[in-house]
Amino acid sequence: MARPTRVLIDLDALDHNARVIRALARRRRLMAVIKANAYGHGMVDCARVLASHVDAFAVAFLEEAVALRAGGITTPVLVLEGPLSEAEVLDFTQLDLWPAIHANEQLHWFENAPQRAITGLWLKADTGMHRLGIDLDDMPAAIERATTLTAGNVTLMSHLADAAMPESLLSQRQLARWQSLVDRYDLETSLLNSASTLVQSTGDSDWLRPGYLFYGGHPDGLGEVLDLQPVMRLESRVIAIRDIAQGETVGYGGRWRAERDSRIATIPIGYADGYPRAARDGTPVLVGGHVVSLAGRVSMDMITVDITDRPDIDIGADVVLWGDRPTVDDIADAADTIGYELASQVTQRVRRRVVSRNMPDSE
Ligand SMILES: *Cc1c(COP(=O)(O)O)cnc(C)c1O
């Protein structure tokens, strides 16, 4: 019998979320960011569902785009880091991928390519994130060169460093620089990710470019207003229960100490599965339909929870580590990280099951 720990991917929830986001986008164009294996949800499975709702996909680098094309996805694909070497340019033209160009060198590679036709090119301006992007002073020349390369199909893009806080000094500075750039050209624009879409940032953006929202996440604690459903559920079952006396401790280092006689349940999931070792005592875990608290350090293969107040919980009880309740964002809060990191770091040893009304169960 297999270990009960598994990750469920609910493609109907993804389809639902895509409809909600499509409606939110109104007449703007919509790109779904599915880099990093669709934030751990399974890139090709997700792309097949999303393809009918979005105008394009975005991935981080070429190999991810190649995997999409190999999976039969014909939707336009933007590669957010563009080609990383001149040799990659050929793959962009052959697979009809849109490069996000962030450095003049990359323009040069496309100009040198024997077969130059690319159907779309995005030019990334550095408005203050200072990670990728062309300096604002160099943008006019870059736009001219990009226009020649793609018969005019150029989209201007930039990325906000503090997207959830449009009033912050950093956002205001970026938004001002962005607006003064895009106002000078009659080109399509793309600025807004999940958080800035939710706060209705004022930045000009013909294209929305969310990722995390599609998976039902709440970036920066935002998004409760939207009716989104979590696509991922990480679940297991109780495999052991013991009674311990007041004063005893549980787990490595004895971090958790019983303040009364206590009942402890053990669940076979640990940091080697992607459950965060940084999770504090008190982190919520749903056991047998009740929210109980993590008690003791997360081990490599197991966690322990305090079920003293839940005498009805037995061996074999259902466990949800994250899903509807608690959400992945709740667990991230308890581990000082973000849900993006947890979702994308569920490891290979966790069994995966994809569910959908339109699909026979598949493991
Ligand atoms: C990852 C990424 C996004 C999507 O961000 P979310 O917060 O998931 O919406 C958008 N734009 C760029 C440039 C990115 O790298």
Side-chain angles (χ1 to χ4, degrees), residues 14 17-18 20-22 24-25 28-41 43 46-47 50 53-65 68 76-82 84 97-103 106 120-134 155-166 171 174-175 178 188-201 203-223 226 228 230-232 327-329 332 337-345:
L14 182 68
N17 295 343
V20 171
I21 298 163
R22 177 79 260 175
L24 181 78
R28 286 172 293 188
R29 304 240 264 159
L30 182 59
M31 171 174 278
V33 181
I34 55 171
K35 61 192 177 189
N37 197 27
Y39 297 41
H41 295 73
M43 186 175 62
C46 290
L50 294 173
H53 301 292
V54 303
D55 302 294
F57 290 120
V59 295
F61 51 90
L62 177 64
E63 289 91 324
E64 294 182 326
L68 269 184
V77 177
L78 177 72
V79 178
L80 290 165
E81 291 167 8
L84 301 181
L97 307 174
W98 298 347
I101 297 283
H102 58 80
Q106 294 173 313
L121 187 156
W122 289 37
L123 262 188
K124 183 162 193 168
D126 184 4
T127 54
M129 178 84 167
H130 300 322
R131 187 179 61 175
L132 291 181
I134 293 172
T155 301
L156 299 178
M157 75 181 285
S158 194
H159 196 52
L160 295 172
D162 197 14
M165 307 283 269
S171 292
Q174 283 196 275
L175 288 166
W178 170 249
E188 292 210 322
T189 56
S190 176
L191 182 68
L192 305 184
N193 65 357
S194 293
S196 44
T197 295
L198 290 172
V199 299
Q200 306 194 346
S201 176
D204 192 312
S205 197
D206 298 317
W207 282 82
L208 298 183
R209 221 174 54 226
Y212 198 51
L213 273 190
F214 281 99
Y215 314 106
H218 293 148
D220 297 287
L222 301 165
L226 293 180
L228 299 175
V231 174
M232 177 184 290
T327 66
V328 68
D329 299 296
T337 182
I338 55 175
Y340 294 61
E341 186 180 41
L342 298 187
S344 61
Q345 288 191 359

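We count ligands from 1, going down the list as the structure has it; atoms in each ligand are counted the same way. The first residue in the sequence is number 1, and the count goes up from there. Values in this document were obtained by computation on a predicted structure and should not be read as measured data.
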Inset, instruction - Return yes when Pro219 approaches ligand 1 closer than 4.0 angstrom through a heavy atom, no otherwise. - result: no
Inset, instruction - Answer side chain, backbone, both or neither: which part of Glu81 comes under 4.0 Å from ligand 1, heavy atoms only. - result: neither
Legend entry - Per-atom contacts of ligand 1 with Tyr39, taking only distances under 4.0 Å to non-hydrogen atoms: 1 (C), 4 (C), 5 (O), 6 (P), 8 (O)
Inset, instruction - Please confirm whether the backbone N or O of Ser196 pairs with a side-chain atom of Asn193, one donor and one acceptor, at under 3.5 Å? - result: yes
Legend entry - Test side chain to side chain contact (heavy atoms under 4.5 Å, CB included) applied to Ala343 - qualifying residues, sequence neighbours left out: His41, Met232
Legend entry - Donor-acceptor pair between His102 and Arg131 side chains, under 3.5 angstrom: no
Legend entry - ligand 1 versus Val33: contacting region, heavy-atom distance under 4.0 Å: side chain
Inset, instruction - Answer whether the closest heavy-atom distance between the side chains of Leu213 and Leu228 falls below 4.5 Å. - result: yes
Inset, instruction - Taking only heavy atoms of Pro210 into account, list the atoms of ligand 1 that are under 4.0 Å away from them. - result: 9 (O)
Inset, instruction - Could you list the residues that satisfy ring-ring contact (aromatic ring centres under 6.0 Å, His included) with Tyr212, not counting sequence neighbours? - result: Tyr340
Inset, instruction - Using a 4.0 Å heavy-atom threshold (strictly under), name the region of Arg209 that reaches ligand 1: side chain, backbone, both or neither. - result: both
Legend entry - Polar proximity ligand 1 side, Lys124 side, N/O cut 3.5 Å exclusive: no
